[in-house]
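Encoded as structure tokens, the structure appears first; notes follow it.
The chains referred to below are lettered A, B, ... by the order of the sequence lines, with proteins before strands, and numbering in each begins at 1.
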There are 2 protein chains.
Amino acid sequence: MIAMAPARTEPDLSFLLDHTSHVLRTRMAVALAEIGLTARMHCVLVHALEEERTQIQLAELGDMDKTTMVVTVDALEEAGLAERRPSSADRRARIIAVTEKGAEVARRSQEIVDGVHRAVLEALPEGEGEVLLRAMSRLVEGYLATPAEAPQAARRARQRTK
Amino acid sequence: MIAMAPARTEPDLSFLLDHTSHVLRTRMAVALAEIGLTARMHCVLVHALEEERTQIQLAELGDMDKTTMVVTVDALEEAGLAERRPSSADRRARIIAVTEKGAEVARRSQEIVDGVHRAVLEALPEGEGEVLLRAMSRLVEGYLATPAEAPQAARRARQRTK
DNA sequence: TATTGTTATACTCTATAACTATA
DNA sequence: TATAGTTATAGAGTATAACAATA
């Protein structure tokens, strides 16, 4: 966990965000694991269903690296939920096609995701959930839209294997 | 980034929480890096200032592992901000004593943290920030208090080196 | 030359186990 | 026996580089 401890009196926004997002992520992981999915598999499945999309396009939508995408698509193929198909427009690219079983699983996983979210919002008093969503959406589209430059040391280049 | 992509129409609570907490964390890291601190160093410094505390106590307050604590205290000592002192009550334990320089840095880092948080809340319309804090606090103390059991495979035991 | 997808691997982060010294 | 702190290292997650095929 990367979280600042709660200040005794005043609520600490960093702690609140870190804690809630962490807990919600574990809850979501457990809920989706029951049908054999990770959050990333669910995300790719849903976006691949909407329209014909390549791995790179799906990676951008889910904010993943293309190499992470490879692993995720491997898992989906192995589970029989999606298939790589050559793109007719670009022979380098692969369209991720959702199988019938994949579409059914995606329907169920979306229900699971919606249910987990609904349960959280229903734990709040009348109207507070709506304000919470509105405030967070505002921040995501505005002041907190983009991350700051990471101040960490740059990763060194890989050793040439000749 | 571990985040689900935004649903087109309905706001996705998981995405909103992951995105805002991630962005805020990078902003905070950059802001604190200017005075040579990480969020964890700041957290330990502040709690160590409040009263005499051992490493284990500070680790619990910051929700860190005791081994992570070792690294953090090492960094604080190297920067001359804190010192390990033997506890008079328990010769196994070390009290983390904040130096004068450490106290001064902690004062400044608390200002930085408060400033970053204030800026976020001020980016919201009148009153919405208060509701946001109230709703999140409610969740942290109630429905989202504790993480679900991690469904990941347990980490295997370390190889005995004899 | 640039881009898609792949592989291999290096780096970071964190937690586990074993250890030393105390209790 | 159990606990505080330390060390070493395993494992997960992820990003980087290089590569092959194609644009």
Side-chain angles (χ1 to χ4, degrees), chain A residues 1-3 18 22 25-26 29 38-41 44 48 52-60 62-77 82-97 147 149-162, chain B residues 1-3 18 22 25-26 29 38-41 44 48 52-77 82-96 147 149-162:
Chain A
M1 267 280 275
I2 309 164
D18 282 347
H22 171 67
R25 189 152 55 209
T26 64
T38 62
R40 270 204 265 259
M41 287 164 78
V44 169
E52 287 214 343
R53 287 185 165 128
T54 66
Q55 289 189 202
I56 290 261
Q57 289 170 332
L58 290 168
E60 263 160 28
D63 200 11
M64 307 175 211
D65 193 86
K66 62 179 180 172
T67 60
T68 306
M69 193 65 199
V70 171
V71 180
T72 307
V73 174
D74 285 351
L76 289 173
E77 277 203 319
E83 290 168 12
R84 289 172 167 95
R85 299 239 182 96
S87 163
S88 49
D90 183 340
R91 278 196 290 170
R92 294 170 304 180
R94 318 292 184 86
I95 300 295
I96 302 308
E149 289 303 308
Q152 319 144 21
R155 192 164 298 188
R156 230 160 300 148
R158 166 187 167 197
Q159 217 70 358
R160 300 195 89 242
T161 52
K162 210 212 14 136
Chain B
M1 267 283 277
I2 309 165
D18 282 346
H22 170 67
R25 189 152 54 211
T26 64
T38 62
R40 270 204 263 261
M41 287 164 79
V44 169
E52 287 214 343
R53 286 184 166 129
T54 66
Q55 289 188 203
I56 291 259
Q57 289 170 333
L58 290 167
E60 263 159 29
L61 282 168
D63 201 10
M64 308 175 208
D65 193 84
K66 60 179 181 172
T67 60
T68 306
M69 194 64 202
V70 170
V71 181
T72 307
V73 174
D74 284 350
L76 288 173
E77 277 204 318
E83 290 169 12
R84 290 172 166 97
R85 300 239 182 97
S87 163
S88 49
D90 183 340
R91 277 196 292 169
R92 295 172 303 183
R94 318 293 183 87
I95 301 296
I96 303 309
E149 289 303 307
Q152 321 144 19
R155 193 164 297 187
R156 231 160 300 149
R158 165 186 168 200
Q159 216 70 1
R160 299 194 90 243
T161 52
K162 211 216 3 150

For the pair made of [atom1] in [X] and [atom2] in [N], what is the distance, rounded to whole Å?
X: A:Arg85; N: C:dG5; atom1: CZ; atom2: P; answer: 15 Å
X: B:Met69; N: C:dC13; atom1: CE; atom2: C1'; answer: 17 Å
X: A:Arg53; N: C:dG5; atom1: CZ; atom2: C1'; answer: 19 Å
X: A:Lys66; N: C:dT3; atom1: NZ; atom2: P; answer: 10 Å
X: B:Met64; N: D:dG5; atom1: CE; atom2: C1'; answer: 15 Å
X: B:Asp63; N: C:dC13; atom1: CG; atom2: P; answer: 17 Å
X: A:Gln55; N: C:dT6; atom1: CD; atom2: C1'; answer: 9 Å
X: B:Leu76; N: D:dG5; atom1: CG; atom2: P; answer: 14 Å

Original post:
Between the main-chain N or O of B:Arg84 and the side-chain N or O of B:Glu77, is there a donor-acceptor pair closer than 3.5 Å?
Top reply: yes
**Report entry** A:Asp90 vs A:Thr67, nearer the 5' end of DNA chain D by closest nucleotide
**Finding:**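 Looking at DNA chain D, the more 5' nearest nucleotide goes with A:Thr67.
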Presence of [X] side-chain N/O under 4.0 Å of [N] phosphate oxygens OP1/OP2:
X: B:Arg91; N: C:dA23; value: yes
X: B:Arg92; N: D:dA2; value: no
X: B:Gln57; N: D:dA4; value: no

Worksheet item: Does A:Asp63 pair with A:Arg40 as a salt bridge, N-O distance under 4.0 Å?
Response: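 Here A:Asp63 does not pair with A:Arg40 in a salt bridge, since their nearest N and O are not under 4.0 Å apart.
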Tell me, do [X] and [Y] make a side-chain contact under 4.5 Å, heavy atoms counted?
X: B:Thr54; Y: B:Ile96; result: no
X: A:Thr67; Y: A:Val71; result: no
X: A:Glu52; Y: A:Arg85; result: no

> How is B:Thr54 classified with respect to the nucleic acid when contacts are heavy atoms under 4.0 Å: base, sugar-phosphate, or nothing?
Replying inline: sugar-phosphate
message: On DNA chain C, does the nearest nucleotide to A:Arg84 precede the nearest nucleotide to B:Asp65 from the 5' side, or the other way round? Give the residue.
response: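 This one resolves to A:Arg84.
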